[in-house]
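All remarks here apply to the structure that follows.
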Amino acid sequence: MTGMLLAASDFVDFFKRIGDALTSKIALIVYFAIVLVLLIVLVVRIALNEQNRVSELRRWQAARHANEKKEAVDDVKKELNKKIDGIDRKVSSVISGLEEGIVLTGRESGEERQEEKSAEETRGAEDGKSRFYMLTEIDKSYESYERPTYDDKITLKELCESFRNYSAGELKLYYDIEDIRRFIGAMAVTKLIILQGMSGTGKTSLAYAFGEYLGNKTVVVPIQPMWKERTDLVGYYNEFTKKFNETTLLYKMYEANYNEEIYVTVLDEMNIARVEYYFAEFLSLLEIPNPDGRNLDVVSDRREDDPKLLQKNGKLRLPTNMWYVGTANNDDSTFSISDKVYDRAMVLNLDKKATPFEAEGEAKKISSTHLTELMERAQREYEISDRNMRRIKKLDEYMIKTFHITFGNRIMKQIRSYVPVLVACGGSEVEALDDILSRKVFRKLESKNPVYVKQIAEGLCGYLDELFGEDKLPLCKETVRLIEQNV
């Protein structure tokens, strides 16, 4: 009984000590400090919220003022345009009156005037000129056109050798026969060819020489750094002059639709601006299998005095006899060419100058119709062998498993188009495969992990030797080695 009383007494003392501690001065100070901290946090939070609200209000007011200014500027522009249109109509009326020998005053004449059409149509009727001056001149020049005599007996092999000899003999421009074959073979694959290489290796001059050889001068379009859209290439309709600002490229595209000449257009330093910007519409249209569906937007409508070949919807058919040859330099002043462009184009690397040699040659008049027939015939007669098709299939499976790179339908179609034509030009099937595989498949290794590519490089080169024969694909192996060395 005594033990229980002692335990109860200790228990009471324990709670008493706790009560004394909670009500001591130190405890009160702690309580006060905690309350003070909470008040400070609350005040800071309220201040931050108020600051954010004021900032949002200022941004909203700034945006509203900007919109008001923009609306005011737009209103001024509209008024100015109305006044300019009024002045244009008055000037046109004065000129018309002077031509008719009538001095117009501020009063209306007694005769009733016929109701005017729109200002731009009236001016066009008065001066008798279309808004497309250059294109309508082409229409006039082709009214009495007679088809010239073309050499329709030349073969692809003769074409390559004749062109090479002509360049050396007449222009003093020297090229290896392999590069000539690749250039002609590329024309069978796509309308866009990219020539890469160091400055001075003859990228632009190759396209220039081909135009001279055919008797149809090559058009050189110097690309400008600020180009971003299609109008930079083909021109645009000027709302002030009511005329279309025509470019040389538009002129040549329109002319090409009238004849069977082979046209070569050089996009000089094509990657000084972004190709996928200013050439985007061309890239999309050239993918359409049916040439009749490749129609480029020029204007939004068609008028009676517009050029004859301009369609009802203001579109112009892309000529099937025109090839676009872009020259590309890789330095700090240029943009890298995207995979979208590379996949749709054929790439030729001109990395070295050819050795000069003596030769004689003459220009040839070859029609685009005959050139197309030669390429189609080559694709039938020199179809890729079953053995090499099996090799390509195995290589495709290896690349998918090792690097997640596949040939794809587009690349396979390009291979089937390119290899037979290169054989018809005088090359061999394996050489042609080596060339197009290095440009179309092994180039994609540049976008993969370089350390991983370096680790697999030796095994990949060994697999190529095992599949096609030792050193049968030197260009493919060279591409792999270069990536390996750059790590």
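Bear in mind that the values here come from a model prediction, so they are computed numbers and not experimental data.
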query = Do you see a donor-acceptor pair shorter than 3.5 Å between the side chains of S447 and D339?
reply = no
ask   = Are V266 and Y208 side-chain neighbours, meaning at least one heavy-atom pair lies under 4.5 Å?
value = no
query = Under 3.5 Å, is there a donor-acceptor pair between the side chain of S130 and the main chain of Y133?
reply = no
message = Looking only at side-chain N and O atoms, does E260 offer a donor or acceptor that is under 3.5 Å from a partner on S368?
response = no
query = Any chance the side chains of E255 and Y263 put a donor and an acceptor closer than 3.5 Å?
reply = yes
key: Expected output: side-chain D305 to main-chain R131 donor-acceptor under 3.5 Å   = no
ask   = Is there a donor-acceptor contact under 3.5 Å from the side chain of W323 to the main chain of M187?
value = yes
ask   = Is the side chain of Q224 donor-acceptor paired with the backbone N or O of P222 at a distance under 3.5 Å, no angle test?
value = yes
remark   = Between N216 and I262, the two heavy atoms sitting closest are ND2-O, 3.0 Å
query = Is the shortest distance from a Lys or Arg side-chain nitrogen in E281 or R230 to a carboxylate oxygen in the other one below 4.0 Å?
reply = yes
message = Show, in sequence, the C-alpha distance, side-chain angles and deciding distance for L318 and N295, and conclude whether the side-chain contact (heavy atoms from CB on, under 4.5 Å) test is met.
response = CA-CA 6 Å; L318 284 186; N295 300 307; over 6 Å; no
message = With a 3.5 Å distance limit and no angle check, can you tell me whether E376 reaches the backbone of E373 through a side-chain donor-acceptor pair?
response = no
inquiry  = Looking at every heavy atom in both V219 and K252, which two are closest together, and how far apart are they?
reply    = CG2-CG, 3.3 Å
request  = Could you pull out all residues at least two apart from F163 that satisfy ring pair (Phe, Tyr, Trp, His ring centres under 6.0 Å)?
outcome  = F210, Y213
Flag if over 12 foreign heavy atoms under 6.0 Å of CG, N409 = no
query = Counting only N and O atoms by type, is there a donor-acceptor contact under 3.5 Å from the side chain of Q379 to the main-chain atoms of V421?
reply = no
key: From F132 atom CZ to I138 atom CD1, the distance as rounded to the nearest 0.5 Å   = 11.5 Å
ask   = Can you find a pair of side-chain heavy atoms, one from L482 and one from Q485, that are under 4.5 Å apart?
value = yes
message = Please tell me whether F244 and Y237 form a close aromatic pair, meaning their ring centres lie under 6.0 Å apart.
response = no
query = Which heavy atom of D301 sits nearest a heavy atom of R303, and at what distance?
reply = OD2-NE, 4.3 Å
request  = Using atom types as modelled and distance alone, determine if a side-chain donor or acceptor of S162 lies under 3.5 Å from a backbone N or O of L159.
outcome  = no
remark   = Heavy-atom nearest pair, L233 first then I223, reads CD2-CD1, 4.5 Å
request  = Might you confirm whether atom OH of Y277 has over 12 heavy atoms from other residues, nucleotides or ligands at distances under 6.0 Å?
outcome  = no
Qualifying salt bridge (Lys or Arg N to Asp or Glu O under 4.0 Å) pairs, either residue in residues 406-423, two or more places apart = E287-R410
message = Using a 3.5 Å distance criterion without hydrogens, assess whether the side chain of T334 forms a donor-acceptor pair with backbone atoms of N329.
response = yes
task = Determine, step by step, whether F335 and V275 satisfy the side-chain contact (heavy atoms from CB on, under 4.5 Å) criterion, reporting the C-alpha distance in whole Å, the side-chain angles of both residues, the deciding distance to 0.1 Å, and the verdict.
result = CA-CA 9 Å; F335 293 97; V275 184; over 6 Å; no
remark   = Taking every heavy atom of A256 against every heavy atom of P319, the minimum-distance pair comes out as CB-CB, 3.6 Å
Student check: side-chain heavy atoms of T190 and R344 closer than 4.5 Å = no
inquiry  = Side chains of Y236 and N245: any donor to acceptor distance under 3.5 Å?
reply    = yes
task = Drop me the distance from H370's NE2 to K153's NZ, to the nearest 0.5 angstrom.
result = 10.5 Å
task = With the side chain counted from C-beta on, respond yes when E161 and T155 share a heavy-atom pair under 4.5 Å apart, and no when they do not.
result = no
task = Compare all side-chain heavy atoms of C425 with those of K157 and state whether any distance is below 4.5 angstrom.
result = no
message = Do D268 and T327 pair up side chain to side chain, a donor and an acceptor below 3.5 Å, judged on atom types alone?
response = yes
task = For D396 and F407, indicate whether the former's side chain and the latter's backbone hold a donor-acceptor pair under 3.5 Å.
result = yes
Would you list the atom pairs, donor with acceptor, under 3.5 Å between side chains in residues 350-365 and any protein atom, with sequence neighbours excluded?
unit_1, atom_1, unit_2, atom_2, d
K365, NZ, E261, OE1, 3.2
K365, NZ, E261, OE2, 3.2

query = Under the side-chain contact (heavy atoms from CB on, under 4.5 Å) criterion, do L316 and N257 qualify, and how do the steps go?
reply = CA-CA 9 Å; L316 178 66; N257 277 300; 4.0 Å; yes
query = Just how far is it from atom SG of C160 to atom CD1 of I154, taken to the nearest 0.5 Å?
reply = 9.0 Å
NZ or CZ of R443 within 45° of Y342 ring axis and under 6.0 Å = yes
key: Greater than 12 external heavy atoms within 6.0 Å of E383's CD   = no
request  = Kindly compute the distance separating CE (M322) from CE (M253), expressed to the nearest 0.5 Å.
outcome  = 6.5 Å
task = Mind checking the CG-NZ spacing from N238 to K243? Nearest 0.5 Å is all I need.
result = 11.0 Å
query = How long is the gap from OG1 on T136 to CG on D306, to the nearest 0.5 Å?
reply = 9.0 Å
task = Output yes when a side-chain donor or acceptor of R181 lies under 3.5 Å from a complementary backbone atom of V423, and no otherwise.
result = no
key: Flag if over 12 foreign heavy atoms under 6.0 Å of CD, E381   = yes
ask   = Between I194 and Q196, is a side-chain contact (heavy atoms from CB on, under 4.5 Å) present by the stated rule, with each step listed?
value = CA-CA 6 Å; I194 299 176; Q196 294 185 154; 3.9 Å; yes
task = Evaluate the side-chain proximity of V419 to L433: yes if any heavy-atom separation is below 4.5 Å, no if none is.
result = yes
Closest non-hydrogen atom pair, G293 against I288 = O-CD1, 3.4 Å
key: Qualifying side-chain hydrogen bond (donor to acceptor under 3.5 Å, both in side chains) pairs with a residue from residues 163-177, counting only residues at least two apart or across chains   = Y175-S205
note = Applied to residues 132-143, the salt bridge (Lys or Arg N to Asp or Glu O under 4.0 Å) test, sequence neighbours excluded, yields E137-K140
task = Inspect the contact between R439 and D435 and indicate whether a charged nitrogen and a carboxylate oxygen are less than 4.0 angstrom apart.
result = yes
Side chain proximity check, I405 to K448, heavy atoms < 4.5 angstrom = yes
query = Do D343 and K444 sit within salt-bridge range, that is, some charged N less than 4.0 Å from a carboxylate O?
reply = yes
task = Find out whether L250 and M134 are in side-chain contact, i.e. whether some heavy atom of one side chain is under 4.5 Å from a heavy atom of the other.
result = no
note = Taken in chain and number order and not counting sequence neighbours, the residues that satisfy ring pair (Phe, Tyr, Trp, His ring centres under 6.0 Å) with F282 are F279, Y324
